[in-house]
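For reference, the structure discussed in these notes is given below.
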Amino acid sequence: MTATVLLILHGLVAVALLGAITHQTLATWAPASSPASSFFGRFRAVPSASFANAFVVLYVIAAALGAFVYLYFRVDVRPQLERDAHFSALGLFDLKEHFVSIGLGLLPAYWVSWRQPLAEDLRSTRAALTAIFAFVVWWSYLIGHILNNILGFGS
Amino acid sequence: MTSSNASRRFAFAFGAAFALCYAIAVGWQLALFTVFPSLGIVLPGTVQSRDYADPALGFLAPAMYWYGWTATAALGALAAGLTAALVPQSWTRRLWLGWLWAVPLIAMAACVYFTLPWFRL
């Protein structure tokens with residue numbers, strides 16, 4: 001029961017994280033020309049620096065919840081996946097844990113690069129770090145979703 | 001030396017070093033500690049279940065290294081970050097800022113390589 005509640009919380013935080021980093025990445029790499037009139041244009045027209053603090057907090061919370069749920073996964077879920085020979089899925093999940101850890105290490109640099117007032121010499125660093133985080137978060141979300149559903153729908 | 005410059009050098013060195021140390025920790029199995037969730041114990045260093053139990057019983061005490069790898073990387077990164085923050089700014093000024101994103105990308109590629117055996121089963 002505890003694991004289920006924590007997993008749902010982990011998923012909800014991940015959704016917020018996904019929204020924040022996607023907004024920020026698109027606003028950084030493909031800023032909207034003003035005034036934005038389309039949905040996609042408005043999606044990219046957000047002030048990207050304003051997402052940085054929220055992203056750092058959400059990332060730490062999501063990682064902490066994931067680290068806790070991982071204990072249950074290792075004991076209760078992974079043996080079943082190994083028994084059913086879902087080795088590729090386990091490999092993808094291992095990559096998720098590696099990428100998330102590397103992201104944790106990059107958080108201070110990400111935060112410094114987005115600190116106000118934005119440093120002009122860090123423009124490309126900021127954009128690159130944001131893109132890396134977008135990849136890590138999307139990968140983690142999708143692989144987490146696959147692992148969560150693998151013994152259910154579509155198995 | 002302003003605190004802003006020092007914090008920037010700390011954060012950037014920490015990020016790049018963390019990625020590098022993490023890839024090394026995974027590749028060389030250098031976990032600071034090993035977690036055995038079914039037993040509720042944590043042992044220092046990289047400990048294999050088969051070192052303490054019959055291999056046939058290893059599934060009863062699965063070992064987790066991810067926490068230990070992350071701790072190893074954090075220790076190495078902390079040392080690198082503090083060093084970068086304390087050395088004169090002129091020593092780090094010429095370093096290419098791109099290392100901050102290039103090293104993590106290389107580390108991620110290394111992790112993909114280390115994970116390949118899963119896809120050959």
Side-chain angles (χ1 to χ4, degrees), chain A residues 3 56 63 66-83 85-115 117 119 121-133 135-136 139, chain B residues 4-5 7-23 25-26 35-40 59-67 69-74 76-78 81 96-108 110-112 114-121:
Chain A
V56 171
F68 199 74
V69 173
Y70 190 26
L71 296 166
Y72 294 97
F73 171 83
R74 185 65 184 88
V75 175
D76 299 328
V77 180
R78 186 168 142 172
Q80 292 187 50
L81 296 176
E82 289 176 348
R83 185 197 63 206
H86 289 295
F87 299 121
S88 295
L90 290 170
L92 295 174
F93 186 80
D94 269 13
L95 286 176
K96 167 180 163 154
E97 68 180 29
H98 297 326
F99 294 167
V100 166
S101 275
I102 290 171
L104 274 174
L106 281 176
L107 271 185
Y110 165 88
W111 184 77
V112 165
S113 72
W114 278 107
R115 196 167 46 186
D121 61 325
L122 295 181
R123 181 188 290 266
S124 57
T125 305
R126 218 166 22 240
L129 289 179
T130 306
I132 289 175
F133 272 113
F135 172 76
V136 169
W139 177 275
Chain B
S4 171
N5 281 334
S7 65
R8 183 203 276 206
R9 280 183 280 142
F10 173 85
F12 287 8
F14 185 92
F18 188 100
L20 180 66
C21 292
Y22 184 82
V26 173
V35 177
F36 291 89
S38 59
L39 304 176
F59 70 95
L60 291 173
M64 299 179 76
Y65 305 108
W66 176 70
Y67 306 98
W69 291 331
T70 304
T72 303
L78 190 63
W96 180 49
L97 269 177
W99 287 120
L100 182 56
W101 53 264
V103 173
L105 287 180
I106 294 167
M108 288 164 82
C111 288
V112 171
F114 298 140
T115 310
L116 284 180
W118 276 116
F119 301 98
R120 294 182 183 136
L121 291 172

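Predicted, not measured: the structure shown is a model, and the values here were computed from it. No hydrogens, no waters, no symmetry mates; every other heavy atom, side chains included, goes into these values. Numbers restart at 1 for each chain; the letters A, B, ... are given by sequence-line order, proteins then strands.
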Roughly how far, to the nearest 0.5 Å, is OG1 of A:T125 from CH2 of B:W99?
-> 13.5 Å
With a 4.5 angstrom heavy-atom cut-off, which part of A:A119 approaches chain B: side chain, backbone, both or neither?
-> side chain
Could you grab the distance from atom OG1 of B:T115 to atom CG of A:L95, nearest 0.5 Å is fine?
-> 4.0 Å
Result block: side-chain N/O donor-acceptor pairs under 3.5 angstrom for residues 68-77 of chain A, not counting sequence neighbours:
unit_1, atom_1, unit_2, atom_2, d
A:Y70, OH, A:E97, OE1, 2.4

Donor-acceptor pairs under 3.5 angstrom involving side-chain atoms of residues 98-106 of chain A: please list them, not counting sequence neighbours.
unit_1, atom_1, unit_2, atom_2, d
A:H98, ND1, B:Y22, OH, 2.8
A:S101, OG, B:W66, NE1, 2.8
A:S101, OG, B:T70, OG1, 2.8

Between A:S113, A:A89, A:A128, A:A85, which shows the greatest number of heavy-atom pairs under 4.5 Å with chain B?
-> A:A128
Pick one of side chain, backbone, both or neither for B:A77, based on which atoms fall under 4.5 Å of a heavy atom in chain A.
-> neither
First locate atom CG of A:L122, then atom CZ of B:R8, and finally report the distance between them rounded to the nearest 0.5 Å.
-> 4.0 Å
Using non-hydrogen atoms only, which part of B:M64 is less than 4.5 Å away from chain A: side chain, backbone, both, or neither?
-> side chain
Between B:V112 and chain A, which part of the residue has a heavy atom less than 4.5 Å away: side chain, backbone, both or neither?
-> both
Answer with side chain, backbone, both or neither: which region of B:F114 has an atom nearer than 4.5 Å to a non-hydrogen atom of chain A?
-> neither
Note: A:D121 and B:L97 closest approach over all heavy atoms is O-CD1, 3.8 Å
With chain A, which of B:P37, B:A17, B:C21 has the greatest number of heavy-atom pairs at distances under 4.5 Å?
-> B:P37
Side chain, backbone, both or neither of A:L107 within contact of chain B (heavy atoms, under 4.5 Å) = neither
Hey, which of B:W101, B:Y67, B:F14 has the most heavy atom pairs under 4.5 Å with chain A?
-> B:Y67
Which atoms form the tightest heavy-atom contact between B:F119 and A:L92, and what is the distance?
-> CZ-N, 3.7 Å
